[in-house]
Engineer: 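Dropping the structure in here first, questions after.
Residue numbers begin at 1 in each chain, while the letters A, B, ... track the order of the sequences. Only heavy atoms go into these numbers, but all of them, side chains included; no hydrogens, no water, no symmetry mates.
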Amino acid sequence: MQETITFFSGFSTPDLWFLADAALKTLWISVLSISIGTVLGGIFGWMLHEGKWMAALTVGSILDIFRSVPLIIQLVLFYNFAPMVGLSLDPFASGVVILTIYTAALVSNVARGGIEAVPVSMRKASRSLGMSYWQDLRHIVLPIGGRAVFPAWIGVVLGVMKDSALVSVLGYVELLKASQILITRTQEPFLILALAGAFYFALSYPISRYAAKFEQRWAQ
Amino acid sequence: MIEIRDLHKHFGDLHVLKGIDLDVKKGEVLSVIGSSGSGKSTLLYCINSLEKIQQGSVKIDGIDVHAKNTDVNKLRQKLGMVFQQWNSFPHLTAMENVALAPRIVKGKSKEEALYIAETQLKHVGLGDKLKNYPSALSGGQQQRLAIARALAMEPEYMLFDEATSALDPEKVGEVLDTMRLLAEEGMTMICVTHEMGFARDVSDRVAYFHQGVMEEIGPPEQIFYSPISEHTKKFLANVR
Ligand SMILES: Nc1ncnc2c1ncn2[C@@H]1O[C@H](COP(=O)(O)OP(=O)(O)OP(=O)(O)O)[C@@H](O)[C@H]1O
Ligand SMILES: [Mg+2]
């Protein structure tokens with residue numbers, strides 16, 4: 001009995017709430033970046049598809065940079081250099097900005113793939129029915145292409161959610177940063193990292209399950 | 001009436017249609033035959049403006065298809081088109097496939113659009129497949145679905161681009177029967193086809209295309225039994 005108490009010394013129920021609150025922050029920063037990033041990525045993907053080489057040269061190469069440079073470097077660079085151009089953002093806002101662009105860069109490729117997954121002849125068929133370019137995009141390309149690349153998009157979502165841990169380097173107290181604080185105080189790295197892992201799992205698992213359900217329904 | 005005058009179409013350096021002159025009257029059924037690459041599909045695409053043209057004109061009931069101020073989305077409602085690939089929308093049921101365009105293009109209410117869809121699906125013999133997704137339909141059924149989908153826009157002209165070429169041989173008949181039914185109902189049709197029996201029995205006129213030129217046009221008896229052009233003779237000898 002005595003032993004168990006010393007083992008858990010330092011970690012208490014309020015710490016659990018502290019972690020839970022940090023998990024919510026991870027969720028919040030992810031939801032924000034992923035939703036804005038997905039919309040932007042969709043637009044960029046459309047530009048890459050439609051704009052041919054002009055867009056590929058401009059938008060394409062800019063997005064290539066964001067896809068290729070490690071996220072942690074982007075975050076630190078942006079956080080430290082943005083104030084120089086008069087953009088003084090707190091760690092949260094900086095994190096959202098970079099994660100959003102990063103998501104958009106990943107989603108743009110997914111979105112272009114989705115558009116290209118719709119056969120040209122099917123789009124000709126919808127246009128031949130009198131649908132406008134935008135009606136075809138909204139009612140044919142979005143649902144058909146969207147379903148084709150949905151698994152890839154879910155992959156991006158789960159990836160960005162985990163990568164959001166990197167915002168901790170700016171001092172924003174999300175799940176990983178909170179764990180580090182607790183580890184320093186309690187000297188219980190295994191317990192706390194296991195708990196943090198469980199929280200990440202609790203955030204990701206419902207998404208994977210829900211996604212699988214959708215895919216199953218569409219497969220019919 | 002469809003009036004085509006001196007129509008030229010290029011794909012880059014490739015001169016695909018070399019001055020086509022062709023009139024199709026209301027109620028007429030025209031079959032277009034010819035070897036692969038002779039420009040038959042391209043002709044249909046130029047008629048409903050899925051492809052731009054470089055010279056000449058196409059008029060539908062007096063409206064210049066390729067004029068800048070022509071509303072092609074509106075014009076295309078007059079022209080139904082059926083493709084070689086049946087192009088069913090996989091995310092919609094048979095009924096929703098047919099109802100979509102009447103609803104979003106013509107602004108019909110959902111109930112109206114579904115009623116039209118049901119009527120047209122029954123028309124092509126798919127009355128028992130209303131709620132099926134395309135994946136549960138055979139090729140022949142999907143092609144009839146495509147016909148119903150085009151008919152739901154109440155077109156005055158139907159363009160068929162080798163509607164039976166991608167089908168299993170035993171499914172060809174049901175689609176040809178549907179096309180025959182439309183012809184009997186008085187629909188104006190241009191049918192690009194490799195089905196010589198259909199061209200001979202159903203059409204009022206047959207046009208033979210060779211390397212971007214309309215070599216010969218006339219009643220089926222003339223084209224099939226006493227063709228003038230050497231190319232036509234050779235082509236027909238090969239397909240028989
Ligand atoms: N989008 C395009 N870009 C470039 N060339 C094209 C395009 N579409 C068709 N062509 C070319 O134009 C020519 C005519 O093509 P088209 O599809 O009209 O022939 P077709 O008579 O319908 O042949 P098939 O019986 O094989 O369908 C072909 O040489 C083809 O390669
Ligand atoms: Mg063709």
Engineer: Return the CD to CG distance between B:Gln77 and A:Leu129, rounded to the nearest 0.5 Å.
Structural biologist: 9.5 Å
Engineer: Is the number of heavy atoms from other residues, nucleotides or ligands under 6.0 Å of B:Lys59 NZ greater than 12?
Structural biologist: no
Engineer: May I ask you to name which of B:Leu100, B:Leu79, B:Asp71 has the most heavy-atom pairs under 4.5 Å with chain A?
Structural biologist: B:Leu100
Engineer: Does atom NZ (B:Lys26) have a neighbourhood of more than 12 heavy atoms from anything else shown, all under 6.0 Å?
Structural biologist: yes
Engineer: What residue, out of B:Val82, B:Leu92, B:Val105, has the most heavy-atom pairs lying under 4.5 Å from chain A?
Structural biologist: B:Val105
Engineer: Return the minimal non-hydrogen interatomic distance between A:Ser128 and B:Phe83, and the atom names on each side.
Structural biologist: OG-CE1, 3.8 Å
Engineer: Is it the case that more than 12 heavy atoms not belonging to B:Tyr115 sit under 6.0 Å from its OH atom?
Structural biologist: no
Engineer: Spell out the residues in residues 140-155 of chain B that have some non-hydrogen atom less than 4.5 Å away from a non-hydrogen atom of chain A, in order of number; otherwise answer 'none'.
Structural biologist: B:Arg149, B:Ala150, B:Met153
Engineer: Applying a criterion of heavy atom separation less than 4.5 Å, what residues of residues 48-58 of chain B form contacts with chain A?
Structural biologist: B:Asn48, B:Leu50, B:Glu51
Engineer: Counting only non-hydrogen atoms closer than 4.5 Å, can you tell me which residues of residues 131-142 of chain A sit against chain B?
Structural biologist: A:Met131, A:Ser132, A:Gln135, A:His139, A:Ile140
Engineer: Do other residues, nucleotides or ligands put more than 12 heavy atoms under 6.0 Å from the CZ atom of A:Phe190?
Structural biologist: no
Engineer: May I ask you to list the residues in residues 94-124 of chain A that approach chain B closer than 4.5 angstrom, counting heavy atoms only, ordered by number?
Structural biologist: A:Ser121, A:Met122, A:Lys124
